[in-house]
*Asks:* 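One structure coming up, written as C-alpha cells, with questions to follow.
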Amino acid sequence: MSSDEFPTERTAVVTCGLPYANGDLHIGHLRGYIGADAFSRALKTLGQRTAYVCGSDMHGTPVAVNAEKEGVDPEEFALRWHEQYSETFPKFSVEFDNYGHTHDETNTELTREIVTTLDEEGYVYEKEIKVAYDPDADQYLPDRYVEGTCPYCGSKARGDECDEGCQRHLEPGEVENPTSSITGNTAEYRERAHKFFRVSEFTDYLTEFLDGLEGTPNARNQPRQWIEDGLQDWCITRDMDWGIDYPGEGADGLVLYVWVDAPIEYIASTKQYTERVGSDAYDWEDVWKDGGDIVHVIGRDIIQHHTVFWPAMLEAAGYTAPRAVAATGFITIDGKGLSTSRNRAIWAREYLEEGFHPDLLRYYLTTTGGLQQDVDFTWEAFQEKVNGELVGTVGNFCYRSLLFAQRNYEGTPETDVSDEVEARIEGAIGEVREAVNDYSLRGIGQATTRLAQFGNEYIQRNEPWKLTDYDPEQAAQVIRDCVQLAKAIAVLFEPIAPGKAQALWEQLGEDSAVGDTGLEAALEQPPRHFDAPSELFEKLEDDRVEELTEQLEAKIDAASDDGDDDAADDAPTDADDEEAGGDADLEPLLEERISFDDFQDLDIRVGRIESAEGIEGADALARLEVDIGLETRQVVAGIKQLHDLENLPGEKCILLANMEPATLFGVESNGMILAAGEEADLLTTHGDADLGEKVR
RNA sequence: AGCGGGAUGGGAUAGCCAGGAGAUUCCGGCGGGCUCAUAACCCGCAGAUCGGUAGUUCAAAUCUACCUCCCGCUACCA
C-alpha cells in the first residue's frame, strides 16, 4: 500500500458501487456515481493516468424473482435496466470510460477464473447445509425468500435474520416452520452441499489492510469490530438458475452468490476498457495485478463487502488491494432515508424532467456536507446553493469579467497576468490537489467557488470601470487578471461541473475540451479574442422552489401513509423522562380518520396485572403478567421507571390483545398495555367491567 | 443490543486524525459601498459557555471516560 500523493506514477482506477438492475435510479444513487465521476475527473486533471469504470449488477435473487413476476427472462429483465442506466448516466455527465455488466462475457470468464484460483489455492471448501426448498414450486429458497419463526425468540423472522424480534443473524436452516415468501407455500429443509470461502483465514491480513486503507474514516472503522468479533466463512453459492455457474466440480445447479461476481466487474470493466483503447494507452493489469491505485466509491451500506470480502478475495487470487474506499453518506428527506419501494425519493428522471442542468445537482451533491455525511435534501437548500454560489459567485464573476473584457478589449487584454493573481490561482490549484488527496469532493468544488469569490472581491477592489478613463493601462491589467481567473475557474470546475466548465471554456474562445487539459492550463494565456459571453447559470425562482417543495411533501406524505407495516412502535420502549420539564407540547391531532372497521380490528380488553418485575439490563422495561379473563398474558411494558412496580399487581388495566408479539431483551411481549403520555399514566376502568371484557 | 456516524452563532455546515490566542463558509438579520455584472457584487456589524459531565494538559471544539438525544448499519437497500 503506497501512500504517496496523487498524482502518482502508477495507473489508477476509480469505481463506484454497481447499480443493481432492479429499479430506477434516484438522487441517492446519483450521489455516489457523480462523486466518483468528479473524483476521477479531478485525478485526470491532476495528470494521473486513470480510468473510471462501472457496470450493472445483473444477478441475484431480486432480479430473478421480479423477472418471474413479469414473466420475462431474468437476463432480459436485467438488460432492460442496464440499458436504462447506460442512458441515464451521461445525462448527469457521469461518463464512464467503460460501463459493462456482470453478466457479460468478460465478467463471467474473469469470475470463473478467480473462483477457480480460490479453489485451487485451497480457500474454498464444501459444507452440507440445510436449505429451504419449496416443493410445490420446485425451487430452493435463498436468504430472505424464506420466512418462519425465530428459534431463539419465537418471533416471525426472515431466513437470514430475525428482523422483527431479537435481531439475530440466522444461518441457513435455522428458521423454524419455513414458508416461501414468494408463494407462501410451506417449505421444507433439504441437505445441500454449498461452497464456502475461508474468509476467516484473512483476519490478520485484513487488519493490516484496514490500517493502510485510505478514503473515508467510516470505511476503516466499521469493519474493525466485525473482524475482532471473528470472521465467519462466507457461503459463496446459491441454489438458483440465474447467475454465474460455479466453475468447479460437484456444484450442479449452484450459481455464485451475487456479491462474488459483482465486485469482479470492477476488474472486468477495466479490462474491457483496455481491450478498447489498447494496453499502451491504459493497461488493466498494471492496476489490478501490478499494484495500481484502486479507489472505490461506494454507499456506506456496502462497506462490509468492500473492506472484508472483496480484499480477501483479491488477496487470495493474487490481485492488487484497493488503495482507498470512500463511503458516501446517504441522502435523506426529512431526515429519513430514501425508499425505493415506497416512492420516497427524488428520481433521476424527475430531476431531468424539471429541466435542471445536471451540473446544478452535481454541485449540490458534491459540496453539501462531507462525503461521508448524510445530506438532507431540500429544494430550498438546492436553491440556496444555486442562487448563492453558482449564480451569484461563480456565474456572476465570469460573466461580468468576460463581458467587460469583450466590450472593451474584444477579448483578453494584451498584458501579462499580475503576480498577485497568478499566486492566487496557484493557491487554488494547491487546494484542488489537497482535496483530491483527502478524498474531499467538497474541497474540489469549494476551491472554485473561493476563487470566484476572490475574483469578485478583486474586481470590486480595483474598479476597472473607473480606471478605463484615467488609467487605461491599469484597467487592462485588472481585466486581464479577471479573464485569467475565469480560465482557471473553467479548468478547476470541470470535475464538478463539466458541462458548465466547457461552456465557459468556449466563451473564452478556446476550442479544445477543457476536460482534456491539466491543471497547468489554468495559468496559460487565454485566446486573444472571444465573443460576448452569456450567463452561465440562471436563478431559481422562489415560486418554482415552493412548487417543488409542495410536490415533494405530498410524495413523502403518501409514502408514509402506506407504511403501516412497520413494526417499529410495537412496544413502548422509550420512557424518557423529559428532564427539561415545563410544558410538554402536545402532538398535533392526526388529520386522517380511520373507519369503524379499522377500529374493530383492535382487540382491546380489560385486564388485571397479576405480577410485575423489572427486566434486567433494561432501563425502562418491566415484565407483566396480565389476566384478561380468557388467559393470562405476558407483556413487556416501558414503565419500570415510572411506576412503583410493587404496587401494580391487582391494578386493572387496558390491554391491546392482538398486538403482534415482540421480543424485548429476550422476553416475549404478547400485547400492549395502554397508557397515556410520557409519564405512562395507566388506563383503567372505573366501573366493574369483568376481566376480558372487550373495549368498544 | 452491538457497531458506525452525527450533535458547533437563528438555519445549514467546516475545523477534530497530526490540541495552542473564543472557531470556517453559505443563507438569514442590521448598517454602509459600488454600479462592470443575473435587484447581482464588495465592505463592516450583531450573534455560539463548539450536546452534557468528569479527566489528561501550561493549553481541548479538537485527546480520554461516562452520559443524553438524532440518523443509520448488522452480511442482497447508494
Side-chain angles (χ1 to χ4, degrees), chain A residues 16-20 22-23 25-33 35 57 59-63 142-144 160-161 163 166-169 216-219 221-226 229 232 234-235 238 257-259 262 297-305 308-309 327-332 335-341 367-370 372-374 376 378 380-381 383-385 387-389 391-393 395-405 407-408 442-443 446 449-450 453 456-461 463-466 468 479 482 535-539 576 579 617-618 664-666:
Chain A
C16 57
L18 268 39
Y20 191 60
N22 187 35
L25 298 173
H26 56 61
I27 56 166
H29 301 108
L30 251 21
R31 183 181 193 191
Y33 308 130
D57 184 5
H59 299 135
T61 321
V63 163
D143 301 326
R144 59 182 53 180
D160 54 350
E161 184 194 3
D163 55 331
C166 61
Q167 306 286 308
R168 230 178 282 245
H169 166 71
T216 49
N218 55 355
N221 297 337
Q222 213 172 312
R224 285 223 170 95
Q225 186 64 36
W226 211 42
D229 288 350
Q232 291 173 31
W234 187 38
C235 183
R238 290 293 185 273
Y257 180 44
V258 57
W259 269 108
V297 177
I298 58 170
R300 64 153 199 247
D301 54 326
I302 50 175
I303 287 175
Q304 318 285 8
H305 304 92
V308 179
F309 300 143
T328 67
F330 286 123
I331 301 293
T332 59
K336 298 278 169 58
L338 304 184
S339 164
T340 305
S341 53
T367 60
T368 306
Q372 88 171 50
Q373 240 57 280
D374 285 353
D376 199 51
T378 63
E380 284 96 340
Q383 179 195 31
E384 207 175 87
K385 279 273 179 193
N387 290 358
E389 294 169 34
V391 177
T393 305
N396 183 238
F397 169 71
C398 294
Y399 183 62
R400 70 197 293 202
S401 300
L402 298 196
L403 190 64
F404 201 104
R407 278 183 190 160
N408 291 279
R442 129 198 287 266
Q446 283 182 341
T449 319
R450 273 198 285 261
Q453 208 163 24
N456 275 323
E457 184 201 316
Y458 185 76
I459 197 170
Q460 184 74 33
R461 171 155 46 95
E463 300 183 310
W465 48 89
K466 284 184 181 165
T468 43
I479 293 307
C482 288
E535 292 150 354
L536 279 179
F537 298 99
E538 274 174 27
K539 275 192 115 175
D576 38 335
E579 54 191 282
L664 302 134
F665 283 78

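Residue numbers start from 1 in every chain, and the chains themselves are labelled A, B, ... in the order their sequence lines are given, proteins ahead of strands. What you see below is based on every heavy atom in this structure, not just the backbone, and it leaves out hydrogens, waters and symmetry mates.
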*Asks:* Nearest to the side chain of Lys466(A) - rG11(B), rC77(B), rC34(B)?
*Replies:*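 Between rG11(B), rC77(B), rC34(B), the one nearest the side chain of Lys466(A) would be rC34(B).
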*Asks:* Hey, is the side chain of Gln373(A) poking within less than 4.0 Å of OP1 or OP2 on rA14(B), counting only N and O atoms?
*Replies:*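 Yes, such a contact exists.
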*Asks:* Under 4.0 Å from OP1 or OP2 of rA37(B): is there any side-chain N or O of Tyr399(A) that close?
*Replies:*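 Answer no for this pair, as no side-chain N or O of Tyr399(A) is under 4.0 Å from OP1 or OP2.
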*Asks:* CG of Asn218(A) to CD1 of Ile303(A): how many Å apart, nearest 0.5 Å?
*Replies:*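 Taking CG in Asn218(A) and CD1 in Ile303(A), the distance rounds to 4.0 Å.
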*Asks:* Please determine, for the side chain of His305(A), which listed nucleotide (rG33(B), rC27(B), rC76(B)) has the closest atom?
*Replies:*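 Nearest to the side chain of His305(A) among the choices is rC76(B).
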*Asks:* State which residues pass salt bridge (charged side-chain N to carboxylate O under 4.0 Å, His left out) with Arg450(A); sequence neighbours excluded, sorted by chain then number.
*Replies:*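 Scan of Arg450(A) (salt bridge (charged side-chain N to carboxylate O under 4.0 Å, His left out), adjacent residues dropped) gives Glu431(A).
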*Asks:* Looking at every strand, decide which applies to Pro464(A) at a 4.0 Å heavy-atom threshold: base, sugar-phosphate, or nothing.
*Replies:*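 The answer is nothing, as Pro464(A) stays clear of every strand by at least 4.0 Å.
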*Asks:* Ignoring hydrogens and angles, are the base of rC71(B) and the side chain of Thr332(A) linked by a donor-acceptor pair under 3.5 Å?
*Replies:*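 There is none.
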*Asks:* Would you indicate, yes or no, if rC76(B) has its OP1 or OP2 atom less than 4.0 angstrom from a side-chain nitrogen or oxygen of His59(A)?
*Replies:*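 The answer is no; no side-chain N or O of His59(A) sits under 4.0 Å from OP1 or OP2.
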*Asks:* From C-beta outward on Ile459(A), which listed nucleotide comes closest to its side chain: rC36(B), rC77(B), rG4(B)?
*Replies:*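 Out of rC36(B), rC77(B), rG4(B), the nucleotide with an atom closest to Ile459(A)'s side chain is rC36(B).
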*Asks:* Of all the base pairs, Watson-Crick or G-U under 3.5 Å, which form stems of three or more consecutive pairs involving RNA chain B?
*Replies:*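 Stem list for RNA chain B: B:1-7 with B:68-74, B:10-12 with B:25-27, B:29-33 with B:41-45, B:51-55 with B:63-67.
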*Asks:* Categorize Gln446(A) for me: base, sugar-phosphate, or nothing, with a 4.0 angstrom heavy-atom threshold over every strand shown.
*Replies:*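 No contact.
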*Asks:* Reckon Ile479(A) touches a base, only the sugar-phosphate, or nothing at all at heavy-atom distances under 4.0 Å?
*Replies:*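 Nothing: the residue Ile479(A), judged by heavy atoms under 4.0 Å, touches no strand.
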*Asks:* Within the structure shown, what part of the strands sits under 4.0 Å from Gly28(A) by heavy-atom distance: base, sugar-phosphate, or nothing?
*Replies:*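 The residue Gly28(A) makes base contact.
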*Asks:* So which nucleotide from rA75(B), rA78(B), rA37(B) ends up closest to the side chain of Leu403(A)?
*Replies:*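 Given the options rA75(B), rA78(B), rA37(B), the side chain of Leu403(A) is closest to rA37(B).
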*Asks:* Taking only residues two or more places apart in sequence, or in another chain, which ones meet Glu463(A) in a salt bridge (charged side-chain N to carboxylate O under 4.0 Å, His left out)?
*Replies:*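 Counting only residues at least two positions away or on another chain, Glu463(A) forms a salt bridge (charged side-chain N to carboxylate O under 4.0 Å, His left out) with Lys466(A).
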*Asks:* Measuring from Lys336(A):NZ to Asp376(A):CG, what's the distance to the nearest 0.5 Å?
*Replies:*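 Going from NZ on Lys336(A) over to CG on Asp376(A), the span is 10.5 Å.
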*Asks:* Please determine, for the side chain of Asn221(A), which listed nucleotide (rC41(B), rA78(B), rG4(B)) has the closest atom?
*Replies:*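 Closest of the options to the side chain of Asn221(A): rG4(B).
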*Asks:* Distance check needed: rG4(B) P versus Asp374(A) CG, whole Å only.
*Replies:*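 The answer, rounded to whole Å, is 16 Å.
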*Asks:* With sugar-phosphate meaning primed atoms plus P, OP1 and OP2, does Arg450(A) contact a base, only sugar-phosphate, or nothing at under 4.0 Å between heavy atoms?
*Replies:*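 Contact class for Arg450(A): none.
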*Asks:* Would you classify Gly369(A) as touching base, sugar-phosphate or nothing, given that sugar-phosphate means primed atoms plus P, OP1 and OP2, and contacts are heavy atoms under 4.0 Å?
*Replies:*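 It contacts sugar-phosphate atoms only.
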*Asks:* So, does Asp374(A) use its side chain to make a donor-acceptor pair with the main chain of Phe330(A) at under 3.5 Å?
*Replies:*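 Between the backbone of Phe330(A) and the side chain of Asp374(A) there is a qualifying donor-acceptor contact (under 3.5 Å).
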*Asks:* So, using ring-ring contact (aromatic ring centres under 6.0 Å, His included) as the criterion, who are the partners of Tyr458(A) when residues are at least two apart?
*Replies:*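 In terms of ring-ring contact (aromatic ring centres under 6.0 Å, His included), with neighbours along the sequence ignored, Tyr458(A) is linked to Phe454(A).
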*Asks:* Give a yes/no answer on whether the side chain of Lys385(A) brings an N or O atom under 4.0 Å of OP1 or OP2 in rC26(B).
*Replies:*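 Negative; the distance criterion is not met.
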*Asks:* So which nucleotide from rA75(B), rA37(B), rC76(B) ends up closest to the side chain of Arg238(A)?
*Replies:*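 So the nucleotide nearest the side chain must be rC76(B).
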*Asks:* In terms of relative ring orientation, are His305(A) and Trp259(A) parallel, tilted or perpendicular, with 30° and 60° separating the classes?
*Replies:*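 The rings of His305(A) and Trp259(A) lie parallel, inter-plane angle below 30°.
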*Asks:* Please enumerate all residues that pass salt bridge (charged side-chain N to carboxylate O under 4.0 Å, His left out) together with Arg31(A), with sequence neighbours excluded.
*Replies:*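 Partners of Arg31(A) under the salt bridge (charged side-chain N to carboxylate O under 4.0 Å, His left out) test: none.
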*Asks:* Scan Ile302(A) against the nucleic acid and name what it touches under 4.0 Å (heavy atoms): base, sugar-phosphate only, or nothing.
*Replies:*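 Sugar-phosphate, backbone atoms only, no base.
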*Asks:* Which nucleotide wins on minimum distance to the side chain of Gln222(A), given the candidates rC36(B), rA75(B), rC73(B)?
*Replies:*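 In terms of side-chain proximity for Gln222(A), the closest of rC36(B), rA75(B), rC73(B) is rC73(B).
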*Asks:* Does Asn456(A) have a side-chain nitrogen or oxygen under 4.0 Å from the phosphate oxygens OP1 or OP2 of rA40(B)?
*Replies:*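 False: Asn456(A) side-chain N/O out of range (4.0 Å or more) of rA40(B) OP1/OP2.
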*Asks:* Is Ile27(A) touching bases, backbone alone, or none of the nucleic acid, heavy atoms closer than 4.0 Å?
*Replies:*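 If one applies the 4.0 Å heavy-atom cut-off, Ile27(A) turns out to touch nothing in the nucleic acid.
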*Asks:* Can you check whether Phe404(A) stacks with the rC36(B) base, using ring centres under 5.5 Å and planes within 30°?
*Replies:*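 No, aromatic ring not over the base.
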*Asks:* Nearest-nucleotide wise, let me know which of Gly60(A) and Thr368(A) is further upstream toward the 5' end of RNA chain B.
*Replies:*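 This one resolves to Thr368(A).
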*Asks:* Please name all residues satisfying salt bridge (charged side-chain N to carboxylate O under 4.0 Å, His left out) with Glu384(A), sequence neighbours left out, ordered by chain then number.
*Replies:*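 For Glu384(A) there are no salt bridge (charged side-chain N to carboxylate O under 4.0 Å, His left out) partners, ignoring immediate neighbours.
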*Asks:* For rC26(B), does OP1 or OP2 lie under 4.0 Å from any side-chain N or O of Gln453(A)?
*Replies:*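 Gln453(A) to rC26(B) OP1/OP2: side-chain N or O found under 4.0 Å.
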*Asks:* So what does Phe397(A) hit on the nucleic acid, given a heavy-atom distance under 4.0 Å: a base, only sugar-phosphate, or nothing?
*Replies:*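 The answer is nothing, as Phe397(A) stays clear of every strand by at least 4.0 Å.
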*Asks:* Let's see if you can work this out: which of rU38(B), rA78(B), rC76(B) has an atom nearest to the side-chain heavy atoms of Trp259(A)?
*Replies:*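 Of all the options, the side chain of Trp259(A) is nearest to rC76(B).
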*Asks:* Contact class for Glu457(A) vs. all strands (heavy atom < 4.0 Å): base, sugar-phosphate, or nothing?
*Replies:*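 Since only primed, P, OP1 and OP2 atoms lie under 4.0 Å of Glu457(A), the category is sugar-phosphate.
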*Asks:* May I ask you to say what Arg407(A) touches in the nucleic acid, namely base, sugar-phosphate or nothing, with a heavy-atom cut-off under 4.0 Å?
*Replies:*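 Contact class for Arg407(A): sugar-phosphate only.
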